[in-house]
Amino acid sequence: MSATPSDPGPSRSRSWWGWGYADAHPGDAECVAMGALLPGTRPHPLPIPQVADLAIGRPAVTPPASLAHLVGADPDVRAAHAMGKAYRDVIRALRGRPGRIPDLVARPTDDQEVADLLDWAGEQGVAVVPFGGGSSVVGGVEYRGDTHRAVLSLDLTSMDRVLEIDAAGRSARIQAGALGPVLEGQLRPHGLTLRHFPQSFEFSTLGGWLATRAGGHYATGRTHIDDFVQSMNVVTPAGVSTSWRLPASGAGPSPDRLFLGSEGALGVITEAWMRLQERPRHKASTSVAFAEFHEALDAVRAIAQSDLAPANCRLLDSGEALLSGASHDGSAVLVLGFESATAPVDDRLGAALAMAHAHGGRGGTATTDRATTADSAVGHWRSAFLRMPYLRDGLARMGAVVETFETAATWDRIPGLIDAVRTEVGAAAVKATGHPATINCRLTHVYPDGAAPYFTVAVAGRPGEEIEVWDDIKAVAGDVLHRHRATITHHHAVGRDHRASYDLQRPEPFAKVLRAAKEALDPHHILNPGVLVD
């Protein structure tokens with residue numbers, strides 16, 4: 001059966017320079033209040049940047065008449081497609097230095113138009129950067145360099161339909177340009193959900209999730225988009241790759257695995273068959289406080305190694321708990337949540353609570369979904385989680401360096417890794433700025449064999465040199481992760497910002513395979529140059 005798009009509701013304007021919606025950013029007074037919490041920040045916020053103040057030249061190329069209806073060169077649109085939403089992107093926009101602005105933005109509506117655009121770009125030496133919602137925080141949607149004649153941003157969001165639903169097999173064929181709310185809006189009338197809700201859900205697409213191997217909100221079980229893929233359709237300069245739709249297969253290496261995480265360097269993902277789930281009808285959540293962080297780590301490991309499979313098992317250290325309003329007494333806080341489409345989950349939550357209490361946790365009451373809002377810690381955390389990127393942008397306007405990085409490692413390495421990050425990254429921040437830094441940690445995803453720590457760094461920057469400060473701090477962070485055999489990224493992709501660390505993590509024989517695949521599929525080297533391989 002087919003599905004039709006639902007009414008998206010009133011349109012809100014996206015911010016071209018910062019996260020999310022333009023009307024959701026903190027005002028000047030809130031920026032000043034936040035800046036007062038970090039000694040050394042500016043007395044007044046930097047002004048909100050205007051596209052009119054950017055030096056946007058004429059496009060270096062003109063598309064042929066056959067493609068002209070797909071391509072635009074409006075300065076506002078080009079500026080909005082110049083970068084992602086990392087801290088360094090926000091600062092560059094605030095300082096009026098957004099980098100290489102694409103010459104053109106194309107919005108194809110089907111596979112043939114994507115193929116035609118790639119053919120033209122290959123003939124003309126035009127770099128093509130696939131673009132979904134533009135929420136990349138690792139430099140994944142911008143062009144850096146000068147070896148191409150021009151840059152085309154390939155915006156897939158006009159390809160946003162749920163094309164087909166197999167209710168018996170609980171799966172759907174979905175176009176890659178569907179933003180999270182658009183996708184879920186088309187599945188909701190059928191009682192189904194993809195159940196993939198990253199923090200960027202409103203501002204990212206299915207194709208972006210697939211191209212970056214994105215992680216969702218859920219802490220255990222199916223956490224990465226990889227787990228939901230049945231088959232994929234990818235348009236490359238060398239032809240179209242369409243894998244068979246199968247529940248499982250042992251027929252050689254999976255073709256889908258080649259393109260999952262390929263970040264647009266090997267082809268343009270245009271649609272995929274995705275495994276769905278029934279929408280949950282039973283929910284329960286609560287929070288547990290811990291006086292000692294190491295006891296909380298033991299509790300989380302025990303829960304992760306049980307068969308309880310919580311939907312949320314997010315551990316906040318004392319700083320993160322304070323920042324989100326989940327705790328004000330120096331406690332670490334474990335946020336637990338369970339859900340099911342078929343049966344009540346109260347017993348599972350109760351069992352997880354018992355395990356947490358056995359490891360020194362206190363508080364927490366098993367609640368049904370009608371009572372979840374009674375747990376203020378859960379509510380405060382959820383609100384802070386969605387609001388945090390906007391607050392980061394407000395602090396950036398105050399000259400603060402505020403950024404995050406995430407990783408994953410096995411349980412035996414987690415305690416030492418977290419301690420090393422706090423110590424060494426904190427020292428690097430002081431060296432770079434002369435000011436003490438706030439470094440908070442939370443576990444976003446947990447597995448039987450390890451976990452994914454997510455770090456937030458906040459410190460007053462050097463005026464006009466905020467990017468250099470962050471690059472210095474990030475280099476130290478990357479070195480710490482590498483020494484502890486922790487991945488450079490758990491769910492934010494490699495992009496251009498993580499390339500140096502990715503090159504160290506990736507086995508050289510696989511690097512040779514990746515370079516060969518790039519040469520075979522993209523012989524003109526036009527697809528997202530500089531991502532993953534050169």
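- Between the side chain of Glu202 and the backbone N or O of Pro181 there is no donor-acceptor pair closer than 3.5 Å.
- A salt bridge links Arg257 with Asp226; the closest basic N to acidic carboxylate O contact falls under 4.0 Å.
- Close placement of the Tyr21 and Phe203 rings is indicated, their centers lying within 6.0 Å of each other.
- Between Asp103 and Arg149, no side-chain nitrogen of the basic residue sits less than 4.0 Å from a carboxylate oxygen of the acidic one, so the salt-bridge criterion is not met.
- Side-chain contact check for Val457 versus Trp470: some heavy-atom pair is nearer than 4.5 Å.
- Side-chain contact between Thr147 and Pro529 is absent, with no heavy-atom pair separated by less than 4.5 Å.
- Among residues at least two apart or in separate chains, salt bridge (charged side-chain N to carboxylate O under 4.0 Å, His left out) pairs with a member in residues 104-129 are Arg107-Asp155.
- A salt bridge is defined here as a Lys NZ or Arg NE, NH1 or NH2 lying under 4.0 Å from an Asp or Glu carboxylate O, and Asp522 with Lys518 meets this definition.
- With rounding to the nearest 0.5 angstrom, the CD atom of Glu184 is 6.5 Å from the CZ atom of Arg188.
- Closest approach of Val51 and Pro75 over heavy atoms only: CG1-O, 3.9 Å.
- A side-chain donor-acceptor contact under 3.5 Å links Asn528 to the backbone of Gly140.
- Contact annotation: the side chain of Gln124 never approaches that of Leu152 to less than 4.5 Å [non-hydrogen atoms, C-beta and beyond].
- Nearest heavy-atom pair, Arg442 versus Glu320, reported as atom, atom and distance to 0.1 Å: NH1-OE2, 2.7 Å.
- Checked against side chain to side chain contact (heavy atoms under 4.5 Å, CB included), Ala211 has the following partners two or more places apart in sequence or in another chain: Ile269.
- In this structure, His217 and Arg314 have side chains that are in contact, with non-hydrogen atoms separated by less than 4.5 Å.
- Taking the six-membered ring where the residue is Trp, His196 and Phe228 present perpendicular rings, their angle passing 60° and hence far from 30°.
- You'll find the side chain of Tyr454 stays beyond 4.5 Å of the side chain of Leu443, heavy atoms only.
- The pair Asp479-Arg483 meets the salt-bridge criterion, since a charged nitrogen lies less than 4.0 angstrom from a carboxylate oxygen.
- Checked by atom type and distance alone, the side chain of Lys85 never pairs as donor or acceptor with a backbone atom of Ser136 at under 3.5 Å.
- The minimum heavy-atom distance between Ala68 and Pro63, with the atom names listed, is CA-CG, 4.3 Å.
- Of the possible polar contacts, one joining the Arg506 side chain to the Leu532 backbone as a donor-acceptor pair under 3.5 Å is found.
- Put simply, CE on Met398 and OG1 on Thr41 are 5.0 Å apart, with the number rounded to the nearest 0.5 Å.
- In this structure the side chain of Leu117 reaches within 4.5 angstrom of the side chain of Val71, judged on heavy atoms.
- The salt bridge (charged side-chain N to carboxylate O under 4.0 Å, His left out) analysis of residues 125-144, with sequence neighbours excluded, yields the pairs Arg92-Glu142, Glu142-Arg144, Arg144-Asp497.
- Rounding to the nearest 0.5 Å places OH of Tyr143 at 14.0 Å from OG of Ser153.
- Taken to the nearest 0.5 Å, the CD1 atom of Ile473 stands 12.0 Å off from the NZ atom of Lys431.
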*CA sep, side-chain torsions, deciding dist, call: Leu54, Trp16, side-chain contact (heavy atoms from CB on, under 4.5 Å)*: CA-CA 12 Å; Leu54 302 178; Trp16 78 268; 3.6 Å; yes
_Between Val234 and Leu266, does the side-chain contact (heavy atoms from CB on, under 4.5 Å) criterion hold? Intermediate values first, please._
CA-CA 9 Å; Val234 185; Leu266 303 179; over 6 Å; no
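- Considering every non-hydrogen atom in both Arg462 and Ala432, the closest pair reads NH1-O, 2.5 Å.
- Contact check on Arg499 versus Asp534 returns a salt bridge, with a Lys/Arg side-chain nitrogen under 4.0 Å from an Asp/Glu carboxylate oxygen.
- The pair Arg42-Glu466 fails the salt-bridge criterion, with no side-chain N (NZ, NE, NH1 or NH2) lying under 4.0 Å from an Asp/Glu carboxylate O.
- Under the side chain to side chain contact (heavy atoms under 4.5 Å, CB included) criterion, Ala178 pairs with Asp160, Ile174, Leu183, not counting sequence neighbours.
- Every residue two or more places apart in sequence or in another chain that forms a ring pair (Phe, Tyr, Trp, His ring centres under 6.0 Å) with His445 is listed here: His490, His491.
- Between the side chain of Arg14 and the backbone N or O of Gly133, at least one donor-acceptor pair lies under 3.5 Å.
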*Pair Val90-Leu94, side-chain contact (heavy atoms from CB on, under 4.5 Å): steps then yes or no*: CA-CA 6 Å; Val90 171; Leu94 288 169; 3.9 Å; yes
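- Looking only at distances, a side-chain donor or acceptor of Glu403 sits under 3.5 Å from a matching main-chain atom of Tyr87.
- Checked against ring pair (Phe, Tyr, Trp, His ring centres under 6.0 Å), Phe259 has no partners two or more places apart in sequence or in another chain.
- Scanning all heavy atoms of the two residues, the minimum distance from Val421 to Val480 falls at CG2-CG1, 3.8 Å.
- Within 6.0 Å of atom CZ in Arg95, more than 12 heavy atoms from other residues, nucleotides or ligands are found, so the atom counts as buried in its surroundings.
- The line from CG of Leu527 to CG of Leu521 is 9.0 Å long, rounded to the nearest 0.5 Å.
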*Go through Arg88 and Asp471 one step at a time and tell me if the salt bridge (Lys or Arg N to Asp or Glu O under 4.0 Å) criterion holds.*
CA-CA 9 Å; Arg88 68 191 331 274; Asp471 286 346; 3.1 Å; yes
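- Using a 4.5 Å heavy-atom threshold, the side chains of Asn440 and Leu316 count as separate.
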*List the steps, then state whether side-chain hydrogen bond (donor to acceptor under 3.5 Å, both in side chains) holds for Gln175 with Thr270.*
CA-CA 6 Å; Gln175 289 183 307; Thr270 58; over 6 Å; no
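- Considering every non-hydrogen atom in both Pro453 and Ile414, the closest pair reads CG-CD1, 3.8 Å.
- Panel note: side chain Gln186, backbone Val182; a donor-acceptor pair is recorded below 3.5 Å.
- Using a cutoff of 4.0 Å between basic side-chain nitrogens and carboxylate oxygens, Asp146 and Arg100 are not scored as salt-bridged.
- Put simply, the side chain of Thr423 never gets that close to the backbone of Ala420: no donor and acceptor are under 3.5 Å apart.
- A donor-acceptor pair is defined here as one N or O able to donate and one able to accept, closer than 3.5 Å; no such pair exists between the side chain of Glu263 and the backbone of Ala493.
- To the nearest 0.5 Å, atom CG of residue Asp28 and atom NE2 of residue His44 are 10.0 Å apart.
- Taking the side chain as every heavy atom from C-beta outward, Phe405 and His498 never approach each other to under 4.5 Å.
- Here the side chain of Thr205 pairs no donor or acceptor atom with the backbone of Leu179 at under 3.5 angstrom.
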*What do the steps show when you test Leu187 against Thr193 for side-chain contact (heavy atoms from CB on, under 4.5 Å), and what is the final call?*
CA-CA 6 Å; Leu187 297 176; Thr193 176; 5.5 Å; no
